[in-house]
Amino acid sequence: MTGRKTDRMNERYQPKQIESKWQRRWDDSQLYRARVDWSKPKHYAMTMLPYPSGDLHIGHWFAMTPSDARARWMRMRGYNVLFPMGFDAFGLPAENAAIARNIHPWQWTYANIERMREQMRSMGAMFDWEREAISCTPAYYKWSQWFFKKFYENGIAYRGSALVNWSDTLQTVLANEQVIDGKDERTGQPVAQKMMEQWFFAITNYADELLDFAGLDWPPPIELMQTNWIGRSEGARATFYSEVGAHPIEIYTTRPDTLWGATFMALAPEHELVDQITTDARRDAVEAYVQAAAARTEVERMFADREKTGVFSGAYAINPVNDERVPIWIADYVMITYGTGAIMAVPAHDQRDFEFARAHDLPVKVVIQPAGRDEPLAAAAMTEAYDGPGAMVNSDAMDGSFSSTAKGRANPAINRVIDWLEATGKGKESVNYRLRDWLISRQRYWGCPIPIVFRNGEVAAAPDDDLPVELPDDVDFVPTGRSPLTYHEPFFKVDEDTRRETDTLDTFMCSSWYQLRYLSPDCDDAPFDAEEAAYWLPVDVYTGGAEHAVMHLLYTRFFTKALRDIGVYDATAAAMRRHGRDPSAAFDEPMTLLRNQGQVLGGEQQGHFVLCSGRKIGETLQAERVEVVGWNEVPAGFSGVFGEIARRTENILRVDMAGVTQLVEVLPQAEVIIPEIKGANNINQLRQHLEIQRMSKSKGNVVNPDELVARYGADVVRCYLMFNFDWQKGGPWNENNIKGPQGWLHDIWDIAMAGEPAGAGDAAVERDIIRKLHQCIAVVDRGLENFSFNTAIAEQMKFKNALKDALRQETIGVAAWREIMNAAIRLLAPFAPHLAEELWARLGWEYSVHTQPWLEYDAELAREEAVDLVVMINGKPRETIGVGVDIEQEQAEALALASAAAQRSLAGSSPRRIVYIPGRNGTDPKVNIVV
RNA sequence: GCCUCCGUAGCUCAGGGGUAGAGCGCUCCCUUGGUAAGGGCGAGGUCAUGAGUUCAAAUCUCAUCGGAGGCUCCA
């Protein structure tokens with residue numbers, strides 16, 4: 001023992017030195033260069049590229065280092081792994097920062113990239129920097145423009161007039177996806193609807209294909225969010241005609257089976273026919289209403305008292321199914337952006353229409369009669385719309401059709417009505433989507449110029465020779481509401497008759513294809529090299545934040561499908577075939593597996609609210625009693641200290657008493673009462689307050705990873721992030737817990753550095769450690785497979801504890817020690833790559849541990865030899881009997897019946913039933929005796 | 001309002017019809033020329049609540065409560 005202690009004292013684990021040393025060595029030896037090698041299976045792992053915002057924050061570490069650990073694991077398992085990194089470098093923050101600092105966006109951007117690249121190197125991640133892609137470089141955006149041209153030539157990109165989201169704050173339009181609750185999702189500033197001519201991508205052409213997630217392994221919530229966003233609904237369209245002027249008014253409905261129950265129509269205030277159908281008598285009222293609606297933002301329209309407002313147009317329409325005359329109203333509960341912007345209103349069977357009808361005294365007509373009711377549904381008595389199943393009534397020839405709760409054709413009544421509508425030409429089956437085409441024009445400077453020219457008013461794609469259409473540097477980019485490039489004549493003026501498009505592209509377009517640019521970032525005759533693509537595509541594992549669920553992740557899927565359809569992958573498919581790889585389905589989706597990490601939040605939990613009573617000595621209360629209560633449960637007249645525990649150090653509590661901090665010293669004999677924790681309580685169980693909130697500079701709770709690395713080393717930070725959170729959930733930052741992983745790595749260092757053990761070893765103990773090692777391998781494998789990094793590390797800690805214990809007992813011999821260390825260091829390598837590399841070298845093994853094969857789990861070695869036979873009486877465990885793993889049922893039952901517990905319970909009588917549960921892979925066998 | 005996921009030890013989480021688990025933290029003891037440290041012992045849980053199915057429920061079903069996220073006049 002003394003000798004070992006001395007050895008350990010000689011050298012301590014000093015992360016700083018070994019980490020920078022190995023980072024250099026890895027660079028010099030090009031350890032992480034990924035090259036096409038058809039003899040090996042490929043694995044393309046990608047983590048969402050950062051925006052170069054200035055400093056790497058802990059969220060980047062949390063997203064990237066576990067992804068790195070998994071990529072390393074795949075590599076050790078024999079895959080040829082590509083794990084690239086880049087920067088999504090166009091966008092508004094660069095402009096805003098540049099304006100604030102009076103420098104150019106590119107200066108700001110490139111300085112940040114330099115800085116972040118260095119910070120990322122300190123992670124010790126296996127990024128292949130040779131493949132770095134930066135979206136704001138001409139070499140990159142040339143191809144963004146090229147794709148735009150291709151889309152334009154194939155009708156996927158088009159210019160159109162539409163009601164778009166305009167942000168006054170940002171002085172640009174925004175995509176639908178960037179607007180949340182009528183506000184810009186980044187700044188929270190309101191967004192107005194404005195009619196503008198803009199560039200769009202026809203993402204809606206792909207709506208149905210985007211709904212299909214077959215073959216994808218994506219988190220169900222993401223699939224659900226995309227599905228909801230696309231918002232497919234099935235129904236029918238029908239055309240009503242205005243009584244005067246016979247203007248056709250097309251409506252969309254999911255309930256054509258209720259067409260006969262329409263008692264009025266409603267048009268959105270923005271509907272183009274409003275002006276034409278309104279009668280002179282009603283014109284003033286209608287115009288006032290339309291103006292009022294226009295003045296309201298979408299938020300106000302949604303959250304204004306839910307009362308349905310509207311105004312009668314004076315006009316009537318004829319219901320095509322029964323020629324009934326129905327009044328046409330203008331109402332802002334009808335959205336111009338959904339369906340046709342006009343509805344047939346069926347108050348009896350639609351709650352919104354019902355509320356409107358009751359508010360405006362419009363008739364209600366029942367056309368679906370629920371079955372099995374004592375009283376049939378009567379319009380006058382209804383207090384809400386009925387949208388359940390029933391038989392069609394008052395519907396002429398359709399009467400009696402059964403309307404189920406199913407949607408679309410699956411509903412017999414709807415099915416029959418649609419057939420009838422189509423046969424009579426009164427309407428047709430129709431599918432509607434909530435998804436709208438992707439608006440990609442931006443009236444800002446720091447983005448990719450749209451490669452379009454206007455020649456004598458004619459729109460044309462910029463010629464290939466023009467690409468890249470370079471973004472000029474000398475532009476006054478302070479926002480004015482018009483694209484800054486419109487003030488830059490050398491840019492926009494091609495010749496007397498030809499003018500360039502001066503809008504720039506949404507940066508989400510740049511990030512829709514970056515996985516392709518990584519394949520060959522220097523390629524200058526194509527967006528990507530077909531040979532590289534044939535090997536690496538598609539991305540096998542994609543990791544990043546869930547906030548991109550319906551933006552980036554939907555766009556990039558659309559992009560991939562569109563590229564496939566316009567033949568961009570043809571050369572790649574040919575190359576695949578040459579190498580014997582089947583290209584079918586290789587280009588349907590960009591990323592086959594997706595996982596989202598959670599968010600690391602600042603701060604922590606709420607403190608307990610306590611009542612402390614005792615003697616006051618100076619400013620400190622010496623408490624003899626501390627009771628946890630609800631925050632509002634202060635007894636009247638209570639004279640001690642009460643409030644929330646803000647901090648606890650040893651037995652000193654700082655109690656926040658309505659903003660004033662009171663010191664409370666809890667005396668050793670004090671009584672502590674915490675109702676939520678049963679049994680005797682003590683002060684250590686008291687929770688102290690730490691707020692949970694997002695990390696942000698303004699709150700001052702941002703964790704700087706550089707400082708952490710300087711203090712603990714990159715490996716400790718990596719392991720802390722992987723260990724202390726469920727990666728897919730995230731959680732509050734609590735640096736106290738860093739001691740756990742830190743101690744673990746220090747222990748491993750100490751164990752390895754203590755050198756070979758002197759004793760001869762004990763075969764049984766060695767066998768047991770090997771068993772534990774293999775049990776550990778299984779758990780680590782499962783953890784990495786499932787992105788459950790915390791369990792993978794906890795299991796290794798457990799194994800380390802067992803090993804340390806055995807070493808202390810001097811029961812491990814030299815040969816076993818080397819075998820175990822060899823395995824343990826390889827197990828550690830994905831998590832703590834520097835430490836593993838250092839120990840691997842120190843124990844005399846060949847560089848690099850990261851190119852070693854992963855550990856082969858051996859179920860036979862992991863198998864327990866002795867198990868406990870559990871004797872259960874009526875399902876309750878009562879006794880255990882040590883037995884061999886191979887015990888048979890007959891023997892087990894006999895042993896169980898003979899046990900003291902069984903004898904006691906049976907007391908001479910015979911059991912009603914005996915259930916034998918054999919042990920499977922290591923679990924204990926059980927015998928349940930029912931008495 | 002609707003949809004999805006989640007409630008297990010102080011914390012972070014495994015498990016998922018068959019003995020209640022891990023790591024960290026915490027208590028107490030030892031050590032201290034390893035010192036923003038080391039070693040040992042130990043405590044702590046009606047698996048949110050209630051009902052049902054079963055020989056057996058933390059696990060399956062239903063309801064309720066609580067938390068997180070998403071959608072929301074979607075016709």
Side-chain angles (χ1 to χ4, degrees), chain A residues 5-6 8-10 12 181 219-225 227-229 231-233 235 251-255 258 266 301-302 304 306 308 331-335 337-346 350-353 355-356 432-434 546 549-550 598 604-605 674 676-687 711 723-726 729 731-732 734 736-741 743-744 746-747 750 779 782-783 788 790-791 793-798 801 808 868 870-880 911-919 923-931:
Chain A
K5 189 168 180 176
T6 310
R8 268 182 275 162
M9 284 173 71
N10 284 343
R12 300 190 58 214
D181 290 344
I222 299 286
E223 295 187 3
L224 188 78
M225 280 158 69
T227 301
N228 288 342
W229 186 262
R232 180 190 160 100
S233 78
I251 59 104
Y252 170 77
T253 177
T254 54
R255 293 296 304 275
T258 64
R301 250 167 93 166
M302 275 161 52
R306 311 276 284 185
K308 301 278 177 290
D332 71 358
Y333 78 96
V334 181
M335 300 287 141
T337 49
Y338 187 80
T340 61
I343 60 163
M344 60 133 178
V346 185
D350 180 285
Q351 184 59 24
R352 293 154 301 176
D353 298 346
E355 284 166 20
F356 191 89
N432 196 55
Y433 302 92
R434 176 187 190 275
V550 291
E604 229 214 18
Q605 71 217 351
I674 309 173
E676 70 200 63
I677 302 169
K678 242 186 112 178
N681 300 134
N682 65 65
I683 51 170
N684 300 306
Q685 297 168 318
L686 289 170
R687 264 201 331 252
R711 243 167 103 192
F723 174 70
N724 203 51
F725 305 88
D726 174 342
K729 272 192 203 156
N734 184 353
N736 286 335
N737 292 347
I738 208 165
K739 281 192 247 163
W744 172 52
H746 276 269
D747 270 357
D750 288 346
V779 175
R782 202 173 58 214
S788 175
N790 50 351
T791 61
I793 289 181
E795 193 67 15
Q796 285 187 77
M797 289 177 170
K798 198 167 133 189
N801 289 342
R808 199 168 34 242
D868 286 333
V870 180
V871 180
M872 296 163 54
I873 309 295
N874 292 334
K876 299 272 176 285
R878 287 284 178 263
E879 194 174 326
T880 59
R912 289 219 333 248
R913 191 166 164 184
I914 298 175
V915 183
Y916 173 66
I917 308 106
T923 67
D924 294 327
K926 288 139 201 117
V927 174
N928 186 18
I929 299 166
V930 185
V931 299

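Chain letters run A, B, ... following the sequence lines, proteins first, then strands; residues in each count from 1. The basis for the numbers below is simple: all heavy atoms, side chains too, and nothing from hydrogens, waters or symmetry mates.
With rounding to whole Å, A/Y433 atom OH is found 19 Å from B/C71 atom C1'. B/G21 atom C1' lies 13 Å from atom CZ of A/R782, rounded to whole Å. In this entry the distance linking CD of A/Q351 with P of B/C74 reads 11 Å, nearest Å. A straight line from CG of A/N724 to P of B/C24 spans 12 Å, rounded to a whole angstrom. Between the CG atom of A/D747 and the P atom of B/G34 there is a distance of 16 Å, rounded to whole Å. One interatomic measurement links the two molecules: CG of A/D726 to C1' of B/G7, which rounds to 14 Å at whole-angstrom precision. Taking atom CZ of residue A/R255 and atom C1' of nucleotide B/C74, one finds them 15 Å apart after rounding to whole Å.
Taking every heavy atom of both residues into account, A/T880 and A/D868 meet most closely at CB-CB, 4.1 Å.
At the heavy-atom level, A/R878 lies nowhere under 4.0 Å from the strands shown. Within the 4.0 angstrom heavy-atom criterion, base atoms lie near A/Y338.
No N or O donor and acceptor, one from the side chain of A/N790 and one from the base of B/G23, sit under 3.5 Å apart.
Between B/C55 and A/R913, a contact under 4.0 Å exists linking OP1 or OP2 to a side-chain N or O. Dashed line: the shortest gap from a side-chain N or O of A/Y252 to OP1 or OP2 of B/A75 is not under 4.0 Å. Within the structure, a side-chain polar atom (N or O) of A/N801 is placed less than 4.0 Å from OP1 or OP2 of B/G23.
Summarising the geometry, atom OG1 belonging to A/T258 is positioned 3.5 Å from atom CE belonging to A/M344; distances are rounded to the nearest 0.5 Å. To the nearest 0.5 Å, atom CD of residue A/Q796 and atom OG1 of residue A/T791 are 10.0 Å apart. Atom CD1 of A/I251 is separated from atom CD1 of A/I343 by 9.0 Å, given to the nearest 0.5 angstrom. Here the CZ-CG distance, from A/R878 to A/N928, works out to 10.5 Å after rounding to the nearest 0.5 Å.
Nearest to the side chain of A/K876, among B/A75, B/A57, B/A22, sits B/A57. Of the listed nucleotides (B/G23, B/C73, B/C13), B/C13 has the atom at the smallest distance from the side chain of A/K729. Of the candidate nucleotides B/C3, B/A57, B/G39, B/G39 has the atom lying nearest to any side-chain atom of A/R808. If you check B/A75, B/C24, B/A56 against the side chain of A/N928, the one that comes closest is B/A56. Counting only heavy atoms from C-beta on, A/L224 has its side chain closest to B/C3 among B/C74, B/C3, B/A22. When each of B/C55, B/G34, B/A14 is scored by its nearest atom to the side-chain atoms of A/V915, the top-ranked nucleotide is B/C55. With distances taken from any side-chain atom of A/K798 to the nucleotides B/G39, B/A22, B/A75, the minimum falls on B/A22. Distances from the side chain of A/M797 to the nucleotides B/A57, B/A37, B/G23 place B/G23 closest. Of the candidate nucleotides B/A57, B/G39, B/A37, B/A37 has the atom nearest to the side chain of A/K739. Nearest to the side chain of A/F723, among B/G23, B/A14, B/A75, sits B/G23.
The backbone N or O of A/R352 lies less than 3.5 Å from a partner atom in the side chain of A/D350, making a donor-acceptor pair.
To the nearest whole angstrom, the two C1' atoms, one in B/U31 and one in B/C13, are 33 Å apart. Going from the C1' atom of B/A20 to that of B/U53 covers 23 Å, rounded to whole Å. Of the P atoms belonging to B/C3 and B/A57, the separation is 31 Å, rounded to the nearest Å. Nucleotides B/C41 and B/U4 place their P atoms 49 Å apart, quoted to the nearest Å. With P as the reference atom, B/U46 and B/G21 are 15 Å apart, rounded to whole Å. Across the C1' atoms, B/G66 and B/G52 are found 23 Å apart, a figure rounded to whole Å. Taking atom P in both B/G1 and B/A56, one finds a spacing of 39 Å when rounded to whole Å. Atom name P, nucleotides B/A75 and B/U64: the rounded distance is 26 Å, in whole Å.
Ring-plane geometry between A/F356 and A/Y333 is classed as tilted, the angle between the planes lying from 30 to 60 degrees on a 0 to 90 degree scale.
Place A/R352 and A/R912 on RNA chain B by their nearest nucleotides, and A/R912 ends up nearer the 5' end. Along RNA chain B, the nucleotide nearest to A/Y916 and the one nearest to A/V930 differ in position, and the one closer to the 5' end is contacted by A/Y916.
Of the nucleotides present, B/C65 is the one that pairs with B/G7 by Watson-Crick or G-U wobble criteria, both distances under 3.5 Å.
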